[in-house]
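I have placed the structure first, in the form of structure tokens, so that the comments after it can refer back to it.
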Amino acid sequence: MNQVEVLETPIKSEGDKKEYRLIKLENGLKALLVRKKKDENNSNDSEDSAAANLTISVGSFDDPPSAMGLAHFLEHMVHMGSRKYPEESSYNDFLTVNGGRRNAMTASEFTTYFFNVAEEVFPEALGRLEQLIEAPLLMQNSMQREREAVDSEYEMINSSNAVRIQSIVKSLIHDFHPASKFNVGNLKTLRDNISDEELHKELLKLHDKYVANKMYLAVQSSKTLDELQSLVVEQFSNIKSGNEEVNSVIVARDNPEDYFKPEFFNSVHYVMSKTSKNSILLAWPLPSIIEHYKVAPLDYISNIFGNEGEGGISTYLRENHWVTKVDLYTDDTNLISKSSINLVRISLDLTESGIENISKILEAVFSYLLMIKETPIEEHRRLYNELKEKSENSFKFHTESEPIDNVLDNATNMLVYDDADILRGKSIYQRFDAEIISDVIERLNQRKFGTIILTSKHESYPYREKYHNTEYDRIAFPDEYQKLWDERKVKPNFFLEKSNPYKTTNFDIFENDDESPIFPLKIFEDGIFEVWHRLDNKFKLPTIQLKMKLISPIFLSSTENLSMLKIFTKTFEFYLKAEFFDAKSANYIVDTSIDRNGMKFSFTGHSQHMIKFYDNVTKFLKNFLEMADQETLDAIKENLKQSLSEKLMTNYILNNEFTGKVLLEHYHSDFDIIDQVDKVTLENLRNFKSKFLSHLNIQILAQGNITKDQALQIVNLAKTNIKCDVVSEEYERKQRCYQLPQGNNVLRLKSLMLNDDNSAIKNFYQIGPDTIRTRCMTRLAAMILNPKAYDYLRSKEQLAYGVACFFREKGGIVALAVLILSQEGKHSYSKVCSKLDTFINEVCRETIDQMTDEEFERYKDSRVKQLTADDLDLDSEVDRNWKEVVNQEYIFDKFQIAAKETKNISKTDFQEFFKSFTDPDKMRRLSVQVIGNHKSEEVTTGNNKSRKLEVEFINEKLSDDESLITNVEDFQKDLYLYPVSKFQIK
Ligand SMILES: [Zn+2]
């Protein structure tokens with residue numbers, strides 16, 4: 001019989017209804033068993049999915065020098081079949097047929113595998129995962145394809161600025177430390193520099209390190225803890241244990257800076273930015289402090305850097321318009337463990353004028369660090385204790401997460417925290433320790449940091465980093481900077497956060513005793529307002545969610561007004577940040593956003609001060625422009641242009657922009673907004689505000705721990721503070737959609753990212769108006785076909801790492817879309833396009849035509865489970881309801897209706913349906929293709945100074961059946977516009 005040791009049960013949050021047991025098997029595997037009981041109050045037969053995560057403390061630090069990226073490659077190869085389940089895609093297929101998904105991740109010192117799946121097949125799924133880990137096939141002849149997948153992934157992340165900066169940091173670490181290794185892997189390290197036999201041998205050798213005493217398993221299900229324990233014992237006791245106790249990684253203790261080359265400290269590295277983003281990174285190698293997690297010294301200091309109110313560095317830098325964001329953090333996915341380098345970074349995102357003022361920014365950072373050092377320890381104790389109290393409250397009232405996220409956290413936490421702290425380790429400040437905190441502050445006040453500047457505006461980038469080909473330059477650390485450091489003084493603007501007026505002390509919950517309906521009720525309506533309310537009786541937390549939308553017809557056909565609204569909102573956010581930082585710090589948060597007819601507000605926070613918070617924010621909305629100045633406005637405009645341009649350089653976003661432009665009437669694209677921004681002045685912004693706020697329709701939804709009377713109090717505050725009149729004219733809030741002509745409509749353009757290979761191609765099959773039936777059928781099709789896209793386009797054809805097949809609704813018209821993120825250098829777009837055709841016409845058609853009745857029922861079942869799944873937290877419930885209010889549809893039980901409808905779909909109807917919109921003779925297809933710029937010339941200078949976003953169409957037909965769109969307006973001229981349609985239940 002197997003011996004099981006039951007360990008100390010982790011401490012859980014008061015509101016957490018799950019049951020926990022921590023055990024250790026005889027072979028050394030540690031497992032956290034989590035039981036989440038079914039909700040008895042829930043009338044429908046829904047159920048959460050079950051989930052599991054297996055984390056193994058073997059990672060890319062274990063890569064042999066002859067095959068870098070091997071741990072990542074092993075993570076891929078493990079999924080290619082096991083002794084008991086030999087077919088390559090069987091694990092994946094099993095999970096998707098049963099409504100689940102899987103993922104995996106390789107970090108420096110661990111690899112983690114996880115999945116979720118329908119409860120009733122959980123035991124089998126867990127057994128399949130165990131087989132992959134214990135007895136994967138790891139066949140030499142499946143290596144080629146997965147190698148391509150790894151290489152695709154490598155190509156895809158190559159243009160990421162974060163990866164490029166990281167590559168420079170790695171290149172500055174001495175070879176003897178594993179953090180210097182290239183961890184992703186590509187065709188060079190896994191094919192060209194090593195023979196297949198050798199690679200295969202190394203692969204098996206690395207897999208030998210997957211031993212039970214390095215494994216941490218977390219499972220969550222509705223089974224009892226005893227059942228879960230038998231299941232885990234039965235399935236995981238066969239895994240062999242190893243004798244190696246500790247990782248073979250060098251332990252960095254007192255002088256972690258010794259692991260870095262001298263250039264790291266005595267130079268400034270300029271890294272070429274792939275986008276319009278500019279930033280500064282200062283990085284200090286500190287000894288690992290993970291064992292001090294109860295004190296959390298870095299979280300504490302990070303909090304001081306996060307002060308966006310009075311006394312904070314961010315307030316000062318923002319007021320000078322140099323910096324948009326300041327962060328202090330340590331990278332805990334790649335460098336998490338007890339043993340490796342703990343690189344503490346301060347990162348600052350710069351504005352255009354920030355690039356011209358780098359020395360002033362550095363002066364401020366140096367001064368701020370000194371302020372932290374010179375602040376008396378008692379002052380630190382005061383702030384620490386406030387944060388401690390706050391962290392305890394948020395742990396107490398924590399909201400539930402998805403099972404798959406829970407197990408991921410649990411298993412990786414088991415790696416680093418004491419048993420008692422597995423659930424709360426990261427989120428709680430447990431103990432102020434003056435010595436530990438002072439030590440970290442002292443270390444950050446030594447001139448032992450590296451400086452990296454990300455920009456495209458440096459004169460030249462003569463060097464190349466060897467694995468990611470990152471273009472960079474290196475200059476000696478300027479005397480000027482050194483002098484700033486040596487002569488730094490504390491600026492009077494800098495001090496620790498003061499005590500907070502929004503501090504919450506009352507956590508009472510209102511009882512909802514009557515049999516109130518589970519949906520929001522309309523409690524007030526006049527020509528202006530439409531107010532919905534629901535006192536929560538389900539989650540029972542002392543918090544409120546308050547949504548508000550200010551709607552005006554002035555945006556519908558005017559890009560100018562919409563650009564104004566965008567800047568108005570950005571300016572509001574800018575001033576709000578400093579004015580309401582104390583509220584934010586006490587967890588009273590307001591987010592704003594815009595859509596095409598108005599401005600949306602989302603307030604969240606505790607009940608105690610919510611009404612006061614709402615009152616203050618709405619007053620501020622009316623008055624904040626009085627404090628605005630032209631210089632700030634100019635900086636906001638500049639940032640807006642920069643961030644919109646950066647977004648448009650992301651291929652799939654550019655792809656979406658053009659999809660919207662072609663399909664929707666009066667589509668306002670980000671290009672239009674960029675064009676309008678320069679025209680905005682402070683004066684016309686003030687005029688705009690008066691015009692916008694003078695005539696409105698206002699929608700409000702108040703949910704959570706809030707009574708009806710309080711919700712009505714909110715309405716009165718809105719009346720007094722916003723003071724608007726009724727909109728007199730009739731107007732239609734919804735947007736109309738064009739019907740695509742039959743055939744293959746193609747819009748092909750070049751990516752805006754220079755010297756970058758990545759493409760985004762999307763085929764969009766227009767179906768028709770959004771009725772309950774078309775929606776349910778299309779959603780079902782997407783659910784069935786998405787994994788097929790992965791199997792065929794990614795695994796079989798190796799065309800791309802990123803593929804997806806999904807449902808889309810635009811202007812009330814439904815479509816099925818297939819998206820692929822490929823690389824032009826590997827596969828030309830003509831090849832990708834033809835494979836996409838094969839995918840729909842052969843792979844999908846076959847899947848749908850040949851599925852058995854039983855398979856079809858199973859798919860429907862999974863879909864019904866997704867639809868009837870309980871809302872996880874108040875957020876998801878409110879978001880769902882708010883969407884109904886904003887869309888003016890008010891079908892709060894839409895998912896239940898859809899579940900019923902889905903159950904009634906017959907297989908023949910479904911097959912007919914799929915044919916109806918994919919048949920090449922009848923289809924209405926739009927293919928938007930953003931094509932990567934195949935690396936032809938080396939860009940060595942950053943002469944991108946005034947780069948304009950010029951879209952370049954590729955006006956070349958691939959075949960006769962393509963109707964090429966070369967001018968969007970011309971294309972739309974004769975098209976039929978669908979009438980405005982609301983979602984129809986019948
Ligand atoms: Zn991968």
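By convention here, the first residue in the shown sequence is residue 1. None of the values given here were measured: they were computed from a predicted structure.
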Taking all non-hydrogen atoms of both residues, which atom of [X] and which atom of [Y] are closest, and how far apart?
X      : Y      : result
His76  : Met80  : O-CG, 3.8 Å
Asn406 : Gln220 : ND2-OE1, 3.1 Å
Ile422 : Asn413 : O-ND2, 2.9 Å
Lys30  : Leu22  : CE-CD2, 4.4 Å
Ala218 : Asn410 : CB-CB, 3.7 Å
Asp63  : Gly69  : OD2-N, 2.8 Å

Query - Trace of the salt bridge (Lys or Arg N to Asp or Glu O under 4.0 Å) decision for Glu19 with Lys12 - result: CA-CA 9 Å; Glu19 298 166 11; Lys12 65 174 185 177; over 6 Å; no

Requested in this report: Verify side chain to side chain donor-acceptor pair (under 3.5 Å) between Glu465 and Ser171, making sure each step is shown before the conclusion.
Outcome: CA-CA 7 Å; Glu465 178 274 334; Ser171 74; 5.9 Å; no

Requested in this report: Let me see the working for Leu129 and Tyr113 under side chain to side chain contact (heavy atoms under 4.5 Å, CB included), right down to the final yes or no.
Outcome: CA-CA 8 Å; Leu129 172 64; Tyr113 298 88; 3.9 Å; yes

Requested in this report: Any chance you could lay out the side chain to side chain contact (heavy atoms under 4.5 Å, CB included) test for Glu88 and Ser795, step after step, and finish with the verdict?
Outcome: CA-CA 10 Å; Glu88 281 187 353; Ser795 304; over 6 Å; no

**Report entry** Centroid-centroid distance, Tyr210 to His207, less than 6.0 Å
**Finding:**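 Yes, the ring centres sit under 6.0 Å apart.
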
Query - Single hit among Asp299, Asp418, Leu298 for side chain to side chain contact (heavy atoms under 4.5 Å, CB included) with Tyr293 - result: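 Between Tyr293 and the candidates, side chain to side chain contact (heavy atoms under 4.5 Å, CB included) is satisfied uniquely by Asp418.
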
Query raised in the report: Of Ile23, Thr224, Val219, which meets side chain to side chain contact (heavy atoms under 4.5 Å, CB included) against Gln229?
Result: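 Among the candidates, only Ile23 passes.
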
Look only at the side chain of [X] and the backbone of [Y], and say whether a donor-acceptor pair between them is shorter than 3.5 Å.
X      : Y      : answer
Thr868 : Val864 : yes
Lys170 : Lys181 : yes
Lys84  : Gln131 : no
Asp151 : Leu187 : yes
Ser195 : Glu198 : yes
His468 : Arg164 : no

Report task. Could you give me the CA-CA distance, side-chain angles and deciding distance for Glu148 and Arg145, then say whether salt bridge (Lys or Arg N to Asp or Glu O under 4.0 Å) is met? Result -> CA-CA 5 Å; Glu148 290 284 346; Arg145 270 185 13 212; over 6 Å; no

Query raised in the report: Hey, which of Lys201, Gln144, Arg147 is the one that makes side chain to side chain donor-acceptor pair (under 3.5 Å) with Asp196?
Result: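 Among the candidates, only Arg147 passes.
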
Assess, by modelled atom type and distance only, whether the side chains of [X] and [Y] contain a donor and an acceptor separated by less than 3.5 Å.
X      : Y     : answer
Ser237 : Glu26 : no
Thr111 : Glu75 : no
Glu153 : His72 : yes

Salt-bridge contact [X]-[Y] (side-chain N to carboxylate O under 4.0 Å):
X      : Y      : result
Arg858 : Glu855 : no
Lys826 : Asp757 : no
Glu124 : Arg128 : yes

Answer yes or no: does atom [atom1] of [X] have more than 12 heavy-atom neighbours from other residues, nucleotides or ligands under 6.0 Å?
X      : atom1 : value
Lys24  : NZ    : no
Phe895 : CZ    : no
Lys18  : NZ    : yes

Query raised in the report: Lys205 and Glu202: salt bridge (Lys or Arg N to Asp or Glu O under 4.0 Å), yes or no, with the steps?
Result: CA-CA 5 Å; Lys205 224 161 92 189; Glu202 291 290 352; 3.8 Å; yes

Query - CG on Asn186 to OG on Ser152, rounded to 0.5 Å - result: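 Output value for this atom pair is 11.5 Å.
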
Requested in this report: Decide salt bridge (Lys or Arg N to Asp or Glu O under 4.0 Å) for Arg21 and Asp226; before the verdict, give the C-alpha distance in whole Å, the side-chain angles of both, and the deciding distance to 0.1 Å.
Outcome: CA-CA 9 Å; Arg21 184 185 297 167; Asp226 288 341; 3.0 Å; yes

Requested in this report: Verify side chain to side chain donor-acceptor pair (under 3.5 Å) between Asn342 and Thr330, making sure each step is shown before the conclusion.
Outcome: CA-CA 7 Å; Asn342 172 19; Thr330 173; 2.8 Å; yes

Query - Derivation of the side chain to side chain donor-acceptor pair (under 3.5 Å) call for Asp873 and Ser876 - result: CA-CA 6 Å; Asp873 53 20; Ser876 2; 2.5 Å; yes

Report task. Could you please spell out the steps behind the side chain to side chain donor-acceptor pair (under 3.5 Å) verdict for Asn53 and Thr112? Result -> CA-CA 7 Å; Asn53 177 307; Thr112 185; 3.0 Å; yes

